[in-house]
Amino acid sequence: MNLFAEIEADVRAALATLQEQGKLAEGLDTSRLTVEPPRDASHGDMATNAAMVLAKAAGQNKRDLATLLVAELLTSERIEAAEIAGPGFVNLRLDKTLWHGLVPHILATGLNYGDGAGGAKVNVEYVSANPTGPMHVGHARGAVVGDVLARLLEKTGSDVLREYYINDAGSQVDVLAQSALLRMREAQGEAIGDIPEGLYPGDYLVPVGEKLATMELPDAPDAQLQTAKSVALPMMMDMIRDDLAVLGVKHDYFLSEQSLHDDGSVDKSLDELSSKGLIYQGVLEPPKGKEPPPDWEPSPQTLFKSSDFGDDSDRALKKPDGSWTYFAPDIACHFNKVERGYTQMIDVWGADHIGYIKRMQSAVTAITGGKAQLEVKICNLVKLMRGGEPVKMSKRSGSFITLREVVEEVGRDPVRFMMLTRKNDAPLDFDFDVVKEQSRDNPVFYVQYAYARIFSVLRNATEQGVVADDAALAKAPLHTLTHEAELNLIRMLGTYPRMLAAAAQAREPHRVAFYLMELAAAFHALWNLGKEEVNLRFIQEDDAAGTLARLALIRATALTLASGFDVIGVTPQDELR
RNA sequence: GGUCCCGUAGCUCAGUCGGAUAGAGCACCAGAUUCCUAAUCUGGGGGCCGGUGGUUCGAAUCCACCCGGGAUCACCA
């Protein structure tokens with residue numbers, strides 16, 4: 001139930017009636033019509049811009065049209081008052097029973113409050129980190145943003161597949177295999193000294209080496225490398241899956257790059273583009289904006305005409321020596337998704353891949369003839385802070401901070417929540433000190449506390465002999481909720497479905513976290529009102545009916561919080577210690 | 001040089017599809033504990049929404065140009 005959608009329907013119906021009566025021109029474009037909460041609550045419950053949006057095309061005066069609309073809207077039982085304000089807004093005040101009706105609706109739907117339906121199939125690809133080591137903290141943001149985006153889309157009705165593209169074919173995997181073979185010699189008792197430059201130094205390869213040491217290896221170096229790969233890759237992916245599980249992130253589908261080479265998908269993609277005349281042999285310009293590398297020399301290679309689709313230049317599919325570039329299997333990967341029925345694809349990438357967006361979108365548009373589209377969400381850098389200082393990390397030395405370390409130190413839920421406290425494309429400071437604090441400064445705690453506080457009230461009520469189970473709350477006499485602060489909280493609950501729909505459409509999971517903070521603030525404010533005005537406390541000893549109504553309200557608040565927590569993958573706590 | 005992102009209060013940031021007097025937290029100042037967890041709340045000061053034009057009934061939001069910050073730019077991952 002989305003009250004805003006319902007009232008918008010009423011407004012549209014009123015406009016239609018005006019048209020039937022010949023008071024309003026037909027065939028108007030109503031796409032810009034909105035019904036939204038006014039910035040200032042004193043303006044009413046909702047406001048519509050209908051008159052302003054339609055007046056010009058209808059050839060009517062804004063205020064005249066607004067007057068007609070007001071008269072028509074007032075015939076509805078649901079609308080208590082309607083008046084013209086400002087430049088031509090129509091401010092609406094809803095019958096209070098409409099707001100009150102929201103509470104039992106939320107009590108009945110629970111975690112499903114705000115669910116949408118009928119969305120499309122969407123493929124969300126995220127993380128897709130190289131299978132060469134554990135997840136580090138930089139991966140955490142993309143993991144959370146992708147996971148919450150997937151949850152948000154599911155919540156609003158889409159059929160979502162969470163995909164992980166395994167880059168198991170590039171030279172980084174050869175390096176992995178070489179590193180593992182070195183660890184194998186170590187496991188066999190050889191003194192290997194420092195790990196040479198260019199190999200992966202991390203301890204996490206020790207178990208891989210130990211496993212290799214127990215095996216019979218072929219003699220040929222190439223064959224040894226293949227064996228090392230086949231052992232190391234699954235172990236790396238298991239480690240990555242475990243790391244992601246620690247964060248509560250799971251994928252439905254893992255697509256191997258190597259498999260795209262093996263089954264001819266890469267060739268097939270190239271053929272597809274070739275048949276559209278978008279492949280040619282050519283020479284690329286030297287890299288701009290910096291000194292060309294000393295070994296730069298122009299040489300012909302296989303190129304894709306991505307500049308036909310808005311990219312800055314054409315892009316290489318094959319290196320001059322004829323081997324594939326990274327771009328080619330990436331195209332195959334997305335073509336593969338399309339062939340599996342996904343015409344809506346969303347990729348979540350790190351900020352270092354910004355320059356890659358256009359060519360990938362160009363390729364998707366080209367290979368599908370525009371039938372499928374790829375959206376790319378960029379996750380900017382995370383800066384770890386401790387004691388007011390940035391935490392140093394060096395991937396080269398292998399001493400980077402792992403995702404697991406961070407989660408083990410501060411907990412899964414705080415990590416998830418903090419990753420959503422900024423727009424995904426803005427840099428984010430992750431401050432260990434703040435995340436572990438129990439105060440207003442810590443948004444995770446603040447929101448959790450609101451939830452726990454509600455349960456504390458409900459426990460207290462029960463102790464005082466109030467029967468506040470679901471059946472009792474469902475029958476609460478909500479008309480006793482008349483105070484502005486109480487109605488404000490209900491209105492806030494009412495915007496939840498609207499917020500979800502907007503966040504999903506904009507692909508902006510952070511809005512859910514911000515909403516939860518606002519809702520928590522509205523609740524804390526009401527709670528504290530009870531200090532100054534004793535008759536606003538939730539539990540009133542001499543007013544059983546009023547108490548029940550307020551408990552119903554805060555129970556609905558808790559359920560809405562829980563629903564939002566569910567979307568961002570955080571577990572609500574009944575009690576904080 | 002190209003491309004993308006960013007520029008909003010002293011600091012960190014929200015700002016919904018273009019809506020009314022631009023918001024929150026921190027910091028600062030002044031308050032609220034016999035009472036559902038003061039782990040919280042209330043009030044106050046603080047703004048050229050980077051700049052200039054444009055579109056519009058209306059612009060922090062859209063467009064153009066400029067200024068400042070960041071990322072990225074053969075191949076490589």
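Every heavy atom of this structure was used, including side-chain atoms; hydrogens, water molecules and symmetry mates were not. Predicted, not measured: the structure shown is a model, and the values here were computed from it. Proteins get letters first, then strands, A, B, ... in listed order; numbering begins at 1 in each.
Counting any heavy atom pair closer than 4.0 Å across all strands shown, A:Lys62 reaches a base atom. Residue A:Arg498 is classed as a base contact, given a heavy-atom separation below 4.0 Å to a base. Heavy atoms of A:Asn91 sit under 4.0 angstrom from at least one base atom. Residue contacts for A:Ser313: at a heavy-atom cut-off of 4.0 Å it reaches no nucleic acid atom on any strand shown. Among the protein residues, A:Asn460 comes within range of the sugar-phosphate backbone only, with heavy atoms under 4.0 Å from sugar or phosphate atoms but none that close to a base. Residue contacts shown for A:Phe445 include a base, since a base heavy atom lies under 4.0 Å away. Residue A:His510 is classed as a sugar-phosphate contact, given heavy-atom separations below 4.0 Å to backbone atoms only. The residue A:Ala452 sits apart from the nucleic acid: no heavy atom pair falls under 4.0 Å.
Relative ring orientation between A:Phe432 and A:Phe430 is described as perpendicular, the plane-to-plane angle rising above 60° on a 0-90° scale split at 30° and 60°. Ring geometry for A:His136 versus A:His139: interplanar angle of 30 to 60°, hence tilted. Using a 30° and 60° split on the angle between ring planes, A:Tyr496 and A:Tyr515 fall in the tilted class, from 30° to 60°. Classified by interplanar angle (parallel below 30°, tilted 30° to 60°, perpendicular above 60°), the ring pair A:Phe327/A:Tyr356 is perpendicular.
Residue order along RNA chain B, read from the 5' end via each residue's closest nucleotide, puts A:Val90 first among A:Tyr356 and A:Val90. Residues A:Val173 and A:Ala502 both approach RNA chain B. Their nearest nucleotides, taken by heavy-atom distance, put A:Ala502 toward the 5′ side.
Between A:Lys319 and B:C76, a side-chain N or O to OP1/OP2 separation shorter than 4.0 Å is present. The phosphate of B:C57 (OP1 or OP2) has a side-chain N or O of A:Lys56 nearer than 4.0 angstrom. Put simply, A:Arg453 has a side-chain N or O that comes within less than 4.0 Å of OP1 or OP2 on B:A38.
Centre separation under 5.5 Å together with a plane angle under 30° does not hold for the ring of A:Phe514 and the six-membered base ring of B:A14, so they are not marked as stacked. The stacking criteria are not both satisfied for A:Phe89 over the base of B:G19, which would need a centre-to-centre distance under 5.5 angstrom and an angle between ring planes under 30 degrees.
Base orientation at B:U33 is syn, since its O4'-C1' glycosidic dihedral falls within 90° of 0.
A salt bridge does not link A:Arg359 with A:Asp314: none of the charged nitrogens is closer than 4.0 Å to a carboxylate oxygen. A:Glu518 and A:Arg511 are not joined by a salt bridge, as no carboxylate oxygen comes within less than 4.0 angstrom of a charged side-chain nitrogen. Taking a cutoff of 4.0 Å between a charged side-chain nitrogen and a carboxylate oxygen, A:Glu463 and A:Arg459 do not qualify as a salt bridge.
Here the closest non-hydrogen pair linking A:Ser256 and A:Asp168 is OG-OD2, 2.7 Å.
A:Tyr164 meets the ring pair (Phe, Tyr, Trp, His ring centres under 6.0 Å) test with A:His251, A:Phe254; sequence neighbours excluded.
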Practice task
Take A:Met419 and A:Val382, measure what side chain to side chain contact (heavy atoms under 4.5 Å, CB included) needs, and give me the verdict at the end.
Solution key: CA-CA 9 Å; A:Met419 291 299 168; A:Val382 177; 4.2 Å; yes
Completion exercise
RNA chain B in dot-bracket form (Watson-Crick or G-U pairs under 3.5 Å, [ ] crossing, | inter-strand) is (((((((..((((.....[...)))).(((((.......))))).....(((((..]....))))))))))))....
Fill in the blank from the handout: Per-nucleotide protein contact along nucleotides 22-27 of chain B, 5' to 3', at a 4.0 Å heavy-atom cut-off (B base, S sugar-phosphate only, - neither), is S--SS-
